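Single-structure report; data block below.
In what follows, every chain begins at residue 1, and chains take the letters A, B, ... in the order their sequences are listed. Everything quoted here is computed from the prediction, not taken from an experiment.
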2 protein chains.
Amino acid sequence: MFAPECPSRLMPLQIGDKWTAMIVICLEHGPRRFGELLVPLRSITKKVLAETLRAMERDGMVTRTEYPANPPHVEYELTALGRSLLTLIDASREWCREHLPELAEARARSSANG
Amino acid sequence: MFAPECPSRLMPLQIGDKWTAMIVICLEHGPRRFGELLVPLRSITKKVLAETLRAMERDGMVTRTEYPANPPHVEYELTALGRSLLTLIDASREWCREHLPELAEARARSSANG
DNA sequence: CGGAATCCCCATGGATACTG
DNA sequence: CAGTATCCATGGGGATTCCG
């Protein structure tokens, strides 16, 4: 049928982790520095941010540019490929705007019953 | 900015697990029995399928209908809410169709270099 | 057939401290 | 500032067995 080769498996693999989608959003309007990403993501740690950015770089989602200076200055920027994820993310946001209330209602019902 | 309240976090929570999206696809063309879902999903176990279906039922994504008989006969069917996820899934499939080659290429490059 | 119960692995990611 | 290095907690999910 479709089983393990189905591309739909790749979506969670690609942006289904905890932070990738939010990083894409943070980079939507231009390059950001490492420290500038830490702020809006709040509860992320440096370690996890660095790991996630490295994975995104490996996958061609972002570029990493080092500006020689002291203290160091590094900027991350979306590639065209990374930017293309925004359509997916926007679709997801749109879905949430439309259907989140239903979902909350369904959960409330099922916790009320049994 | 958007941090923890951002709806985009909910996408991975909702269909970003390993199996939910694929179950939705399996149910796209009508109700299916428990055992009929096991087949195309192949490597899923009964335990995980049952858990995932229960979560989807709780969230109003599927309905579970028990037909009194021996041996038991149970059918799962998408609700309107569950069906609405198909737009997201299709968007994800479309993204993969368009961009998977780029992604593979980027990975190959970065494993070639360093 | 359609599960529930039990056990267990291990990858994700959090906490903390250190560094060029 | 932009990371590494270590250690460790959590839980999603796999393997197996049993049941009405």
Checklist entry - So, B/Glu94 and B/Arg97, do they make that salt bridge, N to O below 4.0 Å? => result yes
Measure from [atom1] on [X] to [atom2] on [N] and round the result to the nearest Å.
X: A/Asp17; N: D/dG12; atom1: CG; atom2: P; value: 16 Å
X: B/Leu49; N: D/dA15; atom1: CG; atom2: P; value: 14 Å
X: B/Ile44; N: D/dA15; atom1: CD1; atom2: P; value: 12 Å
X: A/Arg42; N: C/dG14; atom1: CZ; atom2: C1'; value: 16 Å
X: A/Lys18; N: C/dG14; atom1: NZ; atom2: C1'; value: 8 Å
X: B/Ile23; N: C/dG2; atom1: CD1; atom2: P; value: 14 Å
X: B/Glu51; N: D/dG13; atom1: CD; atom2: P; value: 9 Å
X: A/Glu66; N: C/dG20; atom1: CD; atom2: P; value: 15 Å

Checklist entry - Taking five pairs at each end, how big is the angle between the two axes of the helix from C/dC1-D/dG20 to C/dG20-D/dC1, to 10°? => result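 Terminal axis comparison yields 50°.
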Item to check | Pairwise side-chain contact, A/Glu77 with A/Val62, heavy-atom cut-off 4.5 Å (strictly under) | outcome: no
Next on the checklist: With heavy-atom distances below 4.5 Å as the criterion, would you say the side chains of B/Leu49 and B/Phe34 are in contact?
Outcome noted: yes
Checklist entry - Under 3.5 Å, is there a donor-acceptor pair linking the side chains of B/Thr20 and B/Asp17? => result yes
Item to check | Residue list, salt bridge (charged side-chain N to carboxylate O under 4.0 Å, His left out) with B/Glu105, at least two apart or on another chain | outcome: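 Partners of B/Glu105 by the salt bridge (charged side-chain N to carboxylate O under 4.0 Å, His left out) criterion, ordered by chain and then number, come out as B/Arg109.
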Checklist entry - Taking protein heavy atoms under 4.0 Å as touching, what does nucleotides 1-9 of chain D look like 5' to 3' if B marks base contact, S marks sugar-phosphate-only contact and - marks none? => result BBBSBBB--
Next on the checklist: Could you walk me through whether A/Ser84 and B/Trp95 satisfy the side-chain hydrogen bond (donor to acceptor under 3.5 Å, both in side chains) test, starting with their C-alpha distance in whole Å, then the side-chain angles of each, then the deciding distance to 0.1 Å, before giving a yes or no?
Outcome noted: CA-CA 8 Å; A/Ser84 73; B/Trp95 187 92; 2.9 Å; yes
